[in-house]
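Structure, as structure tokens:
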Amino acid sequence: QVQLVESGGGLVQAGGSLRLSCVASGTGFRWISDMGWYRQAPGRQRDLVATVTMSGYTNYADSVKGRFTISRDNAKNTVYLQMNRLQPEDTALYFCKADVVHTTTSRDDYWGQGTQVTVSS
């Protein structure tokens with residue numbers, strides 16, 4: 001079983017910055033493949049924000065390109081999201097996701113509980 005715990009959310013004024021962290025812990029898995037951040041605003045679907053592969057290849061939603069940076073520390077099973085120039089439309093519950101490889105034929109996606117980011121205008 002794998003647990004993901006996010007931290008770093010909060011209230012910030014427009015133009016400000018926040019850094020989210022997500023630590024994966026547990027036993028019985030070989031490694032963590034892709035990790036990523038998703039967000040969900042009230043009444044809306046959960047959308048991709050950014051993903052990063054184990055080798056460091058990144059992918060971003062168009063709405064955050066140039067403002068957000070995703071990174072990871074494989075030794076610590078941790079993924080980060082540096083968010084700069086935040087805007088009110090970035091307000092959402094941010095979720096961490098990990099693609100966990102258990103064996104050569106078994107892998108699962110795990111989600112964290114979410115951390116709230118609120119940007120005031």
Side-chain angles (χ1 to χ4, degrees):
Q1 190 69 16
V2 176
Q3 297 81 39
L4 302 181
V5 178
E6 302 105 331
S7 62
L11 173 64
V12 64
Q13 288 188 330
S17 298
L18 285 174
R19 188 190 193 212
L20 306 183
S21 299
C22 172
V23 181
S25 62
T27 59
F29 66 92
R30 290 194 171 188
W31 64 83
I32 300 175
S33 182
D34 295 356
M35 300 187 80
W37 290 95
Y38 294 71
R39 65 186 181 187
Q40 187 168 19
R44 302 191 64 175
Q45 66 180 20
R46 190 173 299 186
D47 292 324
L48 179 146
V49 176
T51 60
V52 58
T53 68
M54 195 173 182
S55 59
Y57 179 81
T58 59
N59 180 52
Y60 295 93
D62 287 342
S63 60
V64 306
K65 283 181 181 177
R67 300 188 298 125
F68 292 9
T69 302
I70 189 170
S71 61
R72 65 188 284 177
D73 184 332
N74 292 328
K76 297 180 179 180
N77 290 329
T78 301
V79 63
Y80 306 97
L81 186 67
Q82 178 66 44
M83 304 185 294
N84 298 328
R85 292 185 281 141
L86 283 160
Q87 300 301 316
E89 51 266 36
D90 295 316
T91 295
L93 189 60
Y94 282 70
F95 295 90
C96 171
K97 177 185 171 184
D99 174 17
V100 178
V101 178
H102 298 287
T103 68
T104 55
T105 58
S106 174
R107 63 199 300 162
D108 292 296
D109 286 336
Y110 291 85
W111 291 87
Q113 296 289 333
T115 184
Q116 179 66 38
V117 172
T118 303
V119 185
S120 62
S121 57

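All values below were derived from every heavy atom in this structure, side-chain atoms included, with hydrogens, water molecules and symmetry-related copies excluded.
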### Task
State which residues pass side-chain hydrogen bond (donor to acceptor under 3.5 Å, both in side chains) with Ser33; sequence neighbours excluded, sorted by chain then number.
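side-chain hydrogen bond (donor to acceptor under 3.5 Å, both in side chains) check on Ser33 returns Arg107.
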Heavy-atom pair with the smallest gap, counting every atom of [X] and [Y]:
X: Ala50; Y: Leu81; result: CB-CD1, 4.3 Å
X: Ser121; Y: Pro88; result: CB-CG, 3.8 Å
X: Gly8; Y: Leu18; result: O-CD2, 3.8 Å

Could you grab the distance from atom [atom1] of [X] to atom [atom2] of [Y], nearest 0.5 Å is fine?
X: Ser25; Y: Leu4; atom1: OG; atom2: CG; answer: 8.0 Å
X: Gln1; Y: Tyr110; atom1: CD; atom2: OH; answer: 5.0 Å
X: Asp73; Y: Met35; atom1: CG; atom2: CE; answer: 10.0 Å
X: Arg72; Y: Ser21; atom1: CZ; atom2: OG; answer: 14.0 Å
X: Asp109; Y: Lys97; atom1: CG; atom2: NZ; answer: 4.0 Å
X: Glu6; Y: Cys22; atom1: CD; atom2: SG; answer: 5.0 Å

### Message
Applying ring-ring contact (aromatic ring centres under 6.0 Å, His included) as the test, list every pair that has at least one member in residues 33-70; sequence neighbours left out.
### Response
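Checked against ring-ring contact (aromatic ring centres under 6.0 Å, His included) - neighbours excluded - the pairs reaching residues 33-70 are Tyr38-Trp111.
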### Task
Sort out for me which residue in Val100, Asn77, Asp108, Thr27 forms a side chain to side chain contact (heavy atoms under 4.5 Å, CB included) with Val2.
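Only one option passes, and that is Val100.
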### Message
Under 6.0 Å from the ring centre and within 45 degrees of the ring axis: does the NZ or CZ of Arg39 meet both conditions for the six-membered ring of Phe95?
### Response
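Checked: cation-pi criterion not met.
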Evaluate the side-chain proximity of [Y] to [X]: yes if any heavy-atom separation is below 4.5 Å, no if none is.
X: Val12; Y: Thr118; result: no
X: Met83; Y: Val117; result: yes
X: Tyr80; Y: Ile70; result: no
X: Ile32; Y: Asp99; result: no

### Query
Under a 4.5 Å side-chain heavy-atom rule over Ile, Leu, Val, Met, Phe, Trp and Tyr, are Val52 and Val101 clustered together?
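No, it is not one cluster - the side chains of Val52 and Val101 are not joined through contacts under 4.5 Å.
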### Task
Would you please say whether a donor-acceptor pair under 3.5 Å links the side chains of Ser17 and Asn84?
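Per modelled atom types, Ser17 and Asn84 side chains form a pair under 3.5 Å.
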### Query
Would you call Arg67-Asp90 a salt bridge at under 4.0 Å N-O?
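Salt bridge: yes.
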Please confirm whether the backbone N or O of [Y] pairs with a side-chain atom of [X], one donor and one acceptor, at under 3.5 Å?
X: Thr78; Y: Lys76; answer: yes
X: Gln82; Y: Thr69; answer: no
X: Thr91; Y: Val119; answer: yes

### Task
In sequence, state the C-alpha distance, the side-chain angles, and the governing distance for Ser7 and Thr115, and then conclude on side chain to side chain contact (heavy atoms under 4.5 Å, CB included).
CA-CA 6 Å; Ser7 62; Thr115 184; 5.9 Å; no
